[in-house]
Amino acid sequence: MNERPWLAAYPSGVPTDIDPSQYGSLVQLLEESFQKHASRPAYAFMGRDLSYGETDALSRAFAAYLQGLGLAKGDRVAIMMPNVPQYPVAVAGILRAGLVIVNVNPLYTPRELEHQLKDSGAKAIVIIENFASTLQQCIAHTPVQHVVLASMGDLLGTLKGALVNYVVRRVKKMVPAFSLPGAVKFGEAVERGRRGTLRRPDVKADDVAVLQYTGGTTGVSKGAVLLHRNVIANVLQSEAWNRPVMEKVPAGEQPTTVCALPLYHIFAFTVGMMLSLRTGGRLILIPNPRDLPAVLKELSKYRFHSFPAVNTLFNGLAHHPDFGKVDWSNLKVSVGGGMAVQGAVAKLWLEKTGCPICEGYGLSETSPSASCNPVTSTEFTGTIGVPLPSTVMKCLDDAGNEVPQGRPGEIAIRGPQVMAGYWQRPDETAKVMTADGFFKSGDIGVMDERGYFRIVDRKKDMVLVSGFNVYPNEVEDVVMQLPGVAECAVVGVPDEKTGEAVKLVIVKRDPDLTEEKVREFCRANLTGYKQPRVIEFRTDLPKTPVGKILRRELRDGK
């Protein structure tokens, strides 16, 4: 059997394999770009550009500051910020200091944040002041010793920065009161670093670059260990994949990417920030993608060529009355990832922009991109496309054997972008890695005769909300802590806006337990996308003879 039948679907100019060894580390990739493109804008944020040269100087100083704290090679540093220019500066600084990035969702509750900081062993955190009160509530129970405090206006210049900070703090009241004694402001950290010196650590391709947290099947979030070479490989794979259309950007025009997905999400981290750095591109940073009028207003100021997003965002933008105020005519590639792209959304997007959405597929464990539809395709296939260069995918049965083509099986992925394993969880790693190096995704798929893959189901009970994994066990564990709950179960239900939504079914112990009490408790303990959209009370839950809750029956409304 031909191991890679999909190669025939590759557009001309896309190589069958890439060479991740062309960079010894992500530090080498960053520094090459900083030097090569020093005068070019790297990041556009709130009407101001930060150049490659400025990013170089700021991140070098930040790296020296981190080393000056006594952090040693391999120590973990968390980043908890929206899309602001301090994010890529912190990323480059952490890597240049020989440290490991821990990406954190800034909307996490204290409970969720505490788990991630403890599990990763993070000794330092770079956090925007808007979420400092969350950190204050859990920092005593974590290994964090150093806090760097950023604000929205840090890198916008003295006057504009002060104005933006005033609006954020005083007018919009977006910074709840907090107390973090000993926290150092971002600007102060950079100044201290400028006075110090950066000792260049010997960073290798096999060193850990990022701990990317993903929900666990057991409900506990686990860190996917992404090495420097994993992220490098995925950047080069994505670059090679986009080449047939990105080559059409006029000579002398800087490739520009819209970064509306949050940088803590591995899709934006790799396919937004890292790929843009590699190609000398400019990244338009959108701090709040839910504010659609603000997103469209920002986009109306730029010519842009690449737009990685999730179905929810494509849908929201395409239906917005201000959509026509943006010039979409330069858009060369729209990559849909994180969740299934809906046919109706793809059709509307193509009609309105002239640029098709190429649906891709990946996971935190694959840095993230594993497969994608060819960027030259003009029709929506409803598939997740074909494996990227240097990547092999196959469908396995429960015994680990490959199933015949056309038959459903668990999608397994092998390639240079596949993680080294889960952070300090050899048992969990063993469950998902095969002896011959394939990662078992937990998604059930089918491969057709051309090598295109389609997802048909999920092996796990995970709920996918706007591209984010929600594990029922985690939500159930939280809800069971609420007095008055006898039993509960969580399932995913179809949702027009988010693809799926969380449905919570409760058996009461206390007859006075109300839906509002449940919602209030969930708001305090679960970040937005994990909160139940639908809450239902029942007298009992469907179970197997041994007492296991039948989630499928609940999903089917039984």
Side-chain angles (χ1 to χ4, degrees), residues 62-63 65-82 86-87 90-91 93-95 97-151 175-186 188-189 208-216 218-226 262-266 269 364 422-425 428 471 473-475 477-478 481 523-528 530:
F62 193 64
Y65 167 76
L66 292 172
Q67 285 183 341
L69 296 175
L71 296 177
K73 187 179 172 209
D75 280 347
R76 274 79 58 208
V77 180
I79 307 179
M80 187 171 175
M81 294 191 281
Q86 299 93 305
Y87 207 120
V91 163
I94 293 165
L95 294 174
L99 307 169
V100 177
I101 295 158
V102 181
N103 286 313
V104 181
N105 181 345
L107 299 177
Y108 266 173
T109 62
R111 182 192 68 82
E112 292 163 318
L113 176 60
E114 181 183 325
H115 166 74
Q116 198 168 323
L117 294 175
K118 272 161 97 165
D119 190 80
S120 64
K123 291 188 179 172
I125 184 169
V126 189
I127 185 169
I128 199 157
E129 60 182 5
N130 306 44
F131 307 108
S133 65
T134 306
L135 178 62
Q136 180 194 334
Q137 292 170 66
C138 69
I139 191 167
H141 309 293
T142 73
V144 171
Q145 298 156 19
H146 310 284
V147 179
V148 176
L149 203 56
S151 62
V175 183
F178 66 89
S179 164
L180 288 170
V184 174
K185 291 202 164 150
F186 183 82
E188 171 62 21
V208 182
V210 182
L211 292 187
Q212 188 68 31
Y213 275 76
T214 177
T218 52
V220 176
S221 184
K222 305 184 294 274
V225 176
L226 304 181
L263 285 168
Y264 67 81
H265 194 286
I266 192 66
F269 185 92
S364 297
Y422 291 118
W423 179 248
Q424 295 177 338
R425 300 261 167 91
E428 292 282 337
Y471 287 83
N473 300 25
E474 182 190 8
V475 181
D477 289 347
V478 166
Q481 292 166 28
R523 274 194 294 270
N525 289 285
L526 295 163
T527 191
K530 296 180 190 173

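The first residue of the sequence shown is numbered 1, and numbering continues consecutively from there.
Residues Val102 and Tyr213 are in side-chain contact: their nearest non-hydrogen atoms beyond the backbone lie under 4.5 Å apart. With contacts defined as side-chain heavy-atom distances shorter than 4.5 Å, the pair Leu211/Arg76 qualifies. Within the 4.5 Å cutoff, side-chain heavy atoms of Ile128 are placed close to those of Pro82. In this structure the side chain of Leu149 reaches within 4.5 angstrom of the side chain of Phe178, judged on heavy atoms. The closest side-chain heavy-atom distance from Phe62 to Val126 is below 4.5 Å. Between Phe186 and Val148 the shortest side-chain heavy-atom distance falls below 4.5 Å. Between Ile79 and Ile94 the shortest side-chain heavy-atom distance falls below 4.5 Å. The shortest side-chain heavy-atom distance between Asp75 and Val100 does not fall under the 4.5 Å cut-off.
Listed for the Gln212 side chain is a donor-acceptor partner under 3.5 Å among the backbone atoms of Tyr264. The main-chain N or O of Glu114 is never found under 3.5 Å from a side-chain atom of His141 such that the two would form a donor-acceptor pair.
With rounding to the nearest 0.5 Å, the separation of CG in Leu99 from CD in Gln67 is 7.0 Å. Rounded to the nearest 0.5 angstrom, Gln136 CD and Cys138 SG are separated by 10.0 Å. Residue Tyr422 holds its OH atom at 6.0 Å from OG1 of Thr214, rounded to the nearest 0.5 Å. From Leu526, atom CG reaches atom OH of Tyr108 across 10.5 Å, with rounding to the nearest 0.5 Å. Atom CD of Gln116 sits about 13.0 Å away from atom CH2 of Trp423, to the nearest 0.5 Å. Here CG of Leu263 is found 8.0 Å from CG of Asn103. Values are rounded to the nearest 0.5 Å.
Nearest heavy-atom pair, Ala97 versus Ala63, reported as atom, atom and distance to 0.1 Å: CB-O, 3.7 Å. Across all their heavy atoms, Pro110 and Thr134 have their closest contact at N-CG2, 3.5 Å. The two residues Ala224 and Ser364 make their nearest non-hydrogen contact at CB-O, 4.2 Å. The minimum heavy-atom distance linking Thr527 with Thr109 is given by the pair N-CG2, 3.8 Å. Across all non-hydrogen atoms, the minimal contact from Ala209 to Leu95 is O-CD2, 3.9 Å. In terms of heavy-atom proximity, Gln86 sits nearest to Ala150 at NE2-CB, 3.8 Å.
Remark: Asn130 pairs with no residue by the side-chain hydrogen bond (donor to acceptor under 3.5 Å, both in side chains) rule, at least two apart or across chains.
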Apply the test side-chain contact (heavy atoms from CB on, under 4.5 Å) to residues Leu226 and Ile266: give CA-CA distance (whole Å), side-chain angles for both, the deciding distance (0.1 Å), then the verdict.
-> CA-CA 10 Å; Leu226 304 181; Ile266 192 66; 3.6 Å; yes

Verdict with supporting geometry, Leu135 and Met80, side-chain contact (heavy atoms from CB on, under 4.5 Å) | CA-CA 10 Å; Leu135 178 62; Met80 187 171 175; 5.7 Å; no

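One finds a salt bridge joining Arg425 and Asp119 here, because a Lys/Arg side-chain nitrogen approaches an Asp/Glu carboxylate oxygen to under 4.0 Å.
The list of salt bridge (Lys or Arg N to Asp or Glu O under 4.0 Å) pairs with a residue in residues 98-113, not counting sequence neighbours, reads Arg111-Glu474, Glu112-Lys530.
More than 12 heavy atoms of other residues, nucleotides or ligands sit less than 6.0 Å from atom NZ of Lys73.
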